[in-house]
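The structure under discussion appears below in the form of structure tokens.
Residue numbers begin at 1 in each chain, while the letters A, B, ... track the order of the sequences. Scope of the values below: all heavy atoms of this structure, side chains included, with no hydrogens, waters or symmetry mates.
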Number of protein chains: 2
Amino acid sequence: MLKDSRSQPEDLSTLYQEGSSAANQKREQILQGAMQVFLQSGYAGTSMDRVAAEAGVAKQTIYSHFQDKEGLFKALMEQVTLDRFRSVFCLEDFEGDPAVRLRQLAEIYLTKVADQNYLALTRIIIGESERFPALARLWTSTVIHRGRSLLSRYFDAHPELGIEDSEAMAHIFFGSLVSFMLTQEMLYGKELIPIERDRVVTTLINLILKSSREE
Amino acid sequence: MLKDSRSQPEDLSTLYQEGSSAANQKREQILQGAMQVFLQSGYAGTSMDRVAAEAGVAKQTIYSHFQDKEGLFKALMEQVTLDRFRSVFCLEDFEGDPAVRLRQLAEIYLTKVADQNYLALTRIIIGESERFPALARLWTSTVIHRGRSLLSRYFDAHPELGIEDSEAMAHIFFGSLVSFMLTQEMLYGKELIPIERDRVVTTLINLILKSSREE
DNA sequence: GTCTATAATTAGATAGAC
DNA sequence: GTCTATCTAATTATAGAC
């Protein structure tokens with residue numbers, strides 16, 4: 001997935017194995033420790049010594065599984081991103097009355113992303129998007145793109161909503177939710193500009209429903 | 001503004017002076033160099049050596065103007081944030097026909113934030129929001145809060161739009177624009193999920209106008 | 001205040017025993 | 001593969017001359 005000639009090409013294979021061998025168990029142990037440190041301190045702010053300590057392995061053990069700090073970071077972030085992607089879109093049965101389902105979708109999303117681990121992942125993807133563009137591209141291609149496509153197809157399946165540009169509308173719907181998470185949860189809006197999420201969700205859904213009744 | 005007992009309390013005063021004295025000129029020179037490096041490499045990824053080289057001063061000169069790396073970073077980010085705040089909201093004459101003005105506002109905003117310097121600033125505010133919460137709070141209190149208030153008051157001044165919750169609507173309006181910038185410009189959506197900004201802006205404005213005609 | 005030179009620490013990465 | 005011990009370079013910060 002991520003272009004990195006220096007990393008082992010079989011990086012991804014381990015994602016689909018339950019760390020059965022002893023070597024893979026160490027590998028998972030390293031990734032677990034690396035996640036704690038990288039997500040909390042960022043790429044440059046993380047030292048291999050701290051990763052080794054957090055993972056409970058010797059530093060050299062890390063270097064026998066990953067080429068270098070950059071290789072470890074990329075492998076970790078790729079795994080975490082794909083995990084997140086799979087966990088967010090397990091809701092395949094996206095059907096039913098828009099007034100109910102759209103609100104439900106918004107509630108589920110906003111509840112899910114309020115989690116500190118998710119916030120840390122989002123923070124680092126954005127923060128490192130310049131130095132690690134491949135990670136940002138993976139995030140955009142999976143998490144963002146799939147989310148929008150799902151919603152866009154739902155809009156297309158409900159012509160009674162009278163939506164002319166379903167892709168643009170999906171952009172607006174998710175965009176409003178993303179920026180709510182961003183400002184309220186990540187940038188301390190919750191304490192500085194408090195606003196109940198229900199007001200935003202209700203306004204957003206009414207906007208779509210009322211606009212459809214006008215057709 | 002930012003609580004930092006170790007920084008010189010007169011930090012902010014220099015923001016309103018044109019570096020007249022020789023000392024202040026050096027100080028501005030340092031901040032200019034620091035901006036290049038910090039915005040490009042992040043806090044942990046920046047070394048004082050590189051800042052000194054970029055600013056064209058000796059490293060010790062930096063330490064005679066700022067207490068340490070953290071103090072320099074905070075002073076720089078505070079200045080840049082407040083500068084950005086002032087430059088974005090010079091549009092005090094926000095009046096006129098909604099169909100025209102709202103589109104104009106969106107166009108101006110999206111054009112402005114596509115700039116690489118603005119993107120870098122946004123990236124670092126988000127990326128460092130955990131380690132430097134005071135910076136994120138300053139950003140939220142100024143840039144985000146003022147932008148929303150301005151739009152919210154505009155909505156209130158136009159009851160013909162039939163907006164019940166103007167604050168929530170301002171959240172949605174700006175949120176859609178912010179997330180457009182975020183995904184398209186910063187997270188490589190432009191090349192991965194291309195969508196013309198006009199489609200989003202038009203859909204957003206039609207949403208508001210059509211919903212009002214339904215009243 | 002500003003510079004050159006340097007201290008003290010920590011970083012990423014490796015050698016070699018087992 | 002995994003560990004302990006170590007190398008080399010880079011880092012933050014400071015001393016001391018001018």
Side-chain angles (χ1 to χ4, degrees), chain A residues 4-8 10-11 13-14 17 19-34 36-38 40-77 128 131-132, chain B residues 4-8 10-11 13-14 17 19-34 36-38 40-77 128 131-132:
Chain A
D4 181 13
S5 54
R6 290 169 305 173
S7 291
Q8 307 88 331
E10 71 276 17
D11 269 355
S13 64
T14 60
Q17 300 172 9
S20 48
S21 74
N24 267 349
Q25 197 171 2
K26 277 285 178 197
R27 189 192 158 92
E28 287 307 315
Q29 197 177 332
I30 292 167
L31 286 171
Q32 196 63 32
Q36 298 298 322
V37 187
F38 275 120
Q40 188 175 46
S41 306
Y43 176 75
T46 291
S47 75
M48 296 296 267
D49 283 286
R50 265 203 72 200
V51 172
E54 194 78 29
V57 300
K59 194 160 55 165
Q60 175 65 19
T61 306
I62 301 178
Y63 284 97
S64 75
H65 284 272
F66 303 92
Q67 185 144 38
D68 52 15
K69 182 181 176 182
E70 195 173 319
L72 170 62
F73 180 68
K74 286 178 176 175
L76 168 73
M77 293 299 288
E128 304 292 350
R131 281 171 291 277
F132 295 95
Chain B
D4 181 13
S5 54
R6 291 169 304 173
S7 292
Q8 307 87 334
E10 72 277 16
D11 269 354
S13 64
T14 60
Q17 299 174 10
S20 47
S21 73
N24 268 349
Q25 198 172 1
K26 277 285 178 196
R27 189 192 159 90
E28 288 305 316
Q29 196 176 332
I30 293 167
L31 286 171
Q32 195 64 32
Q36 299 298 323
V37 187
F38 275 120
Q40 190 176 43
S41 307
Y43 177 75
T46 292
S47 76
M48 297 296 265
D49 283 285
R50 266 204 72 200
V51 172
E54 194 78 27
V57 301
K59 195 162 50 167
Q60 176 63 21
T61 305
I62 301 178
Y63 283 97
S64 77
H65 282 272
F66 302 91
Q67 186 146 35
D68 53 14
K69 183 182 175 181
E70 196 172 317
L72 170 62
F73 180 68
K74 286 178 175 174
L76 167 73
M77 293 300 289
E128 305 292 350
R131 280 170 293 278
F132 296 95

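- A/Asp68 contributes atom CG, which lies 11.5 Å from atom CD1 of A/Ile62 (distance to the nearest 0.5 angstrom).
- Of the candidate nucleotides D/dT4, C/dA11, D/dT12, D/dT12 has the atom nearest to the side chain of B/Ser47.
- C/dG12 atom P lies 12 Å from atom CZ of A/Arg50, rounded to whole Å.
- The shortest distance between the side-chain N/O atoms of A/Thr61 and the OP1/OP2 oxygens of D/dC3 is below 4.0 Å.
- The interatomic distance linking B/Met48 (CE) with C/dA11 (P) rounds to 17 Å, in whole Å.
- One can place CD of A/Gln29 at 11 Å from C1' of D/dT2, the figure rounded to the nearest angstrom.
- Here the C1' atom of nucleotide D/dT4 and the CG atom of A/Asp49 are 13 Å apart, to the nearest Å.
- Rounded to whole angstrom, the span from the NZ atom of B/Lys69 across to the P atom of D/dT14 amounts to 15 Å.
- A side-chain donor-acceptor contact under 3.5 Å links B/Arg131 to the backbone of A/Gln40.
- Put simply, A/Lys59 has no side-chain N or O that comes within less than 4.0 Å of OP1 or OP2 on D/dC7.
- Residue B/Tyr63 places its side chain closer to D/dT12 than to any other of D/dT12, C/dG12, D/dG16.
- B/Tyr43 has its OH atom 14 Å from the P atom of D/dT11, to the nearest Å.
- For the pair B/Asp68 CG and D/dA13 C1', the computed distance is 9 Å after rounding to whole Å.
- Taking the side chain of A/Gln60 as heavy atoms from C-beta on, and the options D/dT4, C/dA11, C/dC3, the nearest nucleotide is D/dT4.
- At distances below 3.5 Å, at least one donor-acceptor pair connects side-chain atoms of A/Lys69 with backbone N or O atoms of A/Thr46.
- Regarding A/Lys26, its NZ atom lies at a distance of 4 Å from the P atom of D/dC3, rounded to whole Å.
- Of all non-hydrogen atoms in A/Ile30 and A/Leu72, the two that sit nearest each other are CG2-CD1, 4.0 Å.
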